[in-house]
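As a basis for the values below, the full set of heavy atoms in this structure was taken, side chains included, without hydrogen atoms, waters or symmetry mates. Counting begins at 1 with the first residue of the sequence. Everything numeric here is computed off the predicted structure, so don't read it as measured data.
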Amino acid sequence: MTWTPPEPMLSAPVPGPQLRPGWAAEPKWDGFRALVSVDAGRVVLRSRRGTEMLSAFPEIEAGATQLPDATALDGELVVWDTAGRLAFEQLQNRLQRRGARAARAAAEWPAHFVTGVRAGSGLVREGVIEGSQQVGNPCSRHPTTVWISPVTREFKE
C-alpha cells in the first residue's frame, strides 16, 4: 500500500477574531507553507503546491530524520535573523540554491519548520520536537529545525 501525505492546510479569512468552540488559532508566520513527511526513512519537503524543496533546505532533513516513519507535518518554513526577527527575504534567497551553495546558505541563514503539532502527541511526549513552552522565542542559531507553534484557544479583547 502506498502512503500519501495529506495536503497542507491554508489560512482562511474570517469575519472576526472570535474562535468557534473547540478551535484554536496560531500566528501567521512570515514564511512558506510546507509539508514535511517521512516514509520508509525518506524525508520529503514540499511546498503547498507540491514543489520539492529539500535540496534548497538540507538542514530540515537533519531534523526530520528524528521523526517516526509514516509521519507528515503541516507547517511553515521560516528563517530568523540574528535579532530573533523573521527574515522572509533571506528565506526567499534560499529557494534557488542547491548543493554546496544550499549548505553554505543553511549555515548562514538556517531555516526552521514550524508546525501546529500539540503537546500530548507522541512526537512531543517522546522529545522528538521541542514545544514552544520549553523553547520560548526560537532564534536562528538554535540547532533544532522543527518547532511547535504557539496557539490560543481564547479570544480576549
Side-chain angles (χ1 to χ4, degrees), residues 1-12 24-82 84-152:
M1 183 169 129
T2 303
W3 179 74
T4 305
E7 295 294 319
M9 290 180 65
L10 301 176
S11 61
E26 67 182 63
K28 168 57 180 108
W29 296 94
D30 196 12
F32 298 138
R33 198 66 183 188
L35 184 79
V36 65
S37 61
V38 180
D39 187 33
R42 180 173 172 256
V43 175
V44 175
L45 177 66
R46 288 200 168 92
S47 73
R48 69 181 194 176
R49 293 195 171 104
T51 304
E52 197 287 325
M53 297 171 54
L54 198 58
S55 57
F57 301 97
E59 68 275 30
I60 300 301
E61 183 172 22
T65 57
Q66 302 173 50
L67 298 170
D69 200 35
T71 296
L73 297 175
D74 179 26
E76 193 97 3
L77 273 177
V78 298
V79 168
W80 279 277
D81 66 16
T82 55
R85 294 179 303 248
L86 292 169
F88 185 76
E89 66 283 355
Q90 295 303 331
L91 184 66
Q92 283 183 307
N93 290 337
R94 300 273 317 270
L95 276 177
Q96 303 306 317
R97 299 177 189 207
R98 303 291 187 269
R101 290 181 64 218
R104 282 192 301 275
E108 185 177 356
W109 294 100
H112 302 269
F113 187 82
V114 182
T115 183
V117 171
R118 302 278 41 98
S121 76
L123 298 175
V124 176
R125 197 170 42 250
E126 296 165 17
V128 175
I129 300 175
E130 294 200 36
S132 58
Q133 66 279 5
Q134 301 158 329
V135 177
N137 183 21
C139 70
S140 63
R141 301 303 175 224
H142 194 285
T144 301
T145 56
V146 181
W147 298 90
I148 298 172
S149 176
V151 298
T152 184

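- Remark: Arg85 pairs with Asp81 by the salt bridge (Lys or Arg N to Asp or Glu O under 4.0 Å) rule, at least two apart or across chains.
- Residues forming a salt bridge (Lys or Arg N to Asp or Glu O under 4.0 Å) with Glu59 (at least two apart in sequence, or on another chain): Arg94.
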Under the side-chain contact (heavy atoms from CB on, under 4.5 Å) criterion, do Leu45 and Glu61 qualify, and how do the steps go? CA-CA 8 Å; Leu45 177 66; Glu61 183 172 22; over 6 Å; no
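- Asp69 places a side-chain N or O within donor-acceptor distance of the main-chain N or O of Gly41, the cut-off being under 3.5 Å.
- Side-chain atoms of Val36 and Val44, non-hydrogen and from C-beta on, never get closer than 4.5 Å to each other.
- Under the 3.5 Å distance criterion, the side-chain polar atoms of Glu89 are left unmatched by any main-chain donor or acceptor of Leu91.
- Proximity of Asp74 to Arg33: side-chain heavy atoms (C-beta onward) are separated by under 4.5 Å at one or more points.
- Checked against side-chain contact (heavy atoms from CB on, under 4.5 Å), Gln96 has no partners two or more places apart in sequence or in another chain.
- The CE atom of Met53 lies 11.5 Å from the CZ atom of Arg46; values are rounded to the nearest 0.5 Å.
- Only one option out of Val78, Leu77, Val79, Ile60 pairs with His112 in a side-chain contact (heavy atoms from CB on, under 4.5 Å); it is Val78.
- A ring pair (Phe, Tyr, Trp, His ring centres under 6.0 Å) check over residues 31-61, counting only residues at least two apart or in different chains, returns the pairs Phe32-Phe88.
- Residues passing the side-chain contact (heavy atoms from CB on, under 4.5 Å) test with Arg98 are Ser55, Ala56, sequence neighbours excluded.
- Atom CZ in Arg42 sits 14.5 Å away from atom OG1 in Thr65 (nearest 0.5 Å).
- Atoms CG and OG1, from Leu73 and Thr115 in turn, are 4.5 Å apart once rounded to the nearest 0.5 Å.
- Scored by the side-chain hydrogen bond (donor to acceptor under 3.5 Å, both in side chains) test, Gln90 finds Trp109 as partners (sequence neighbours excluded).
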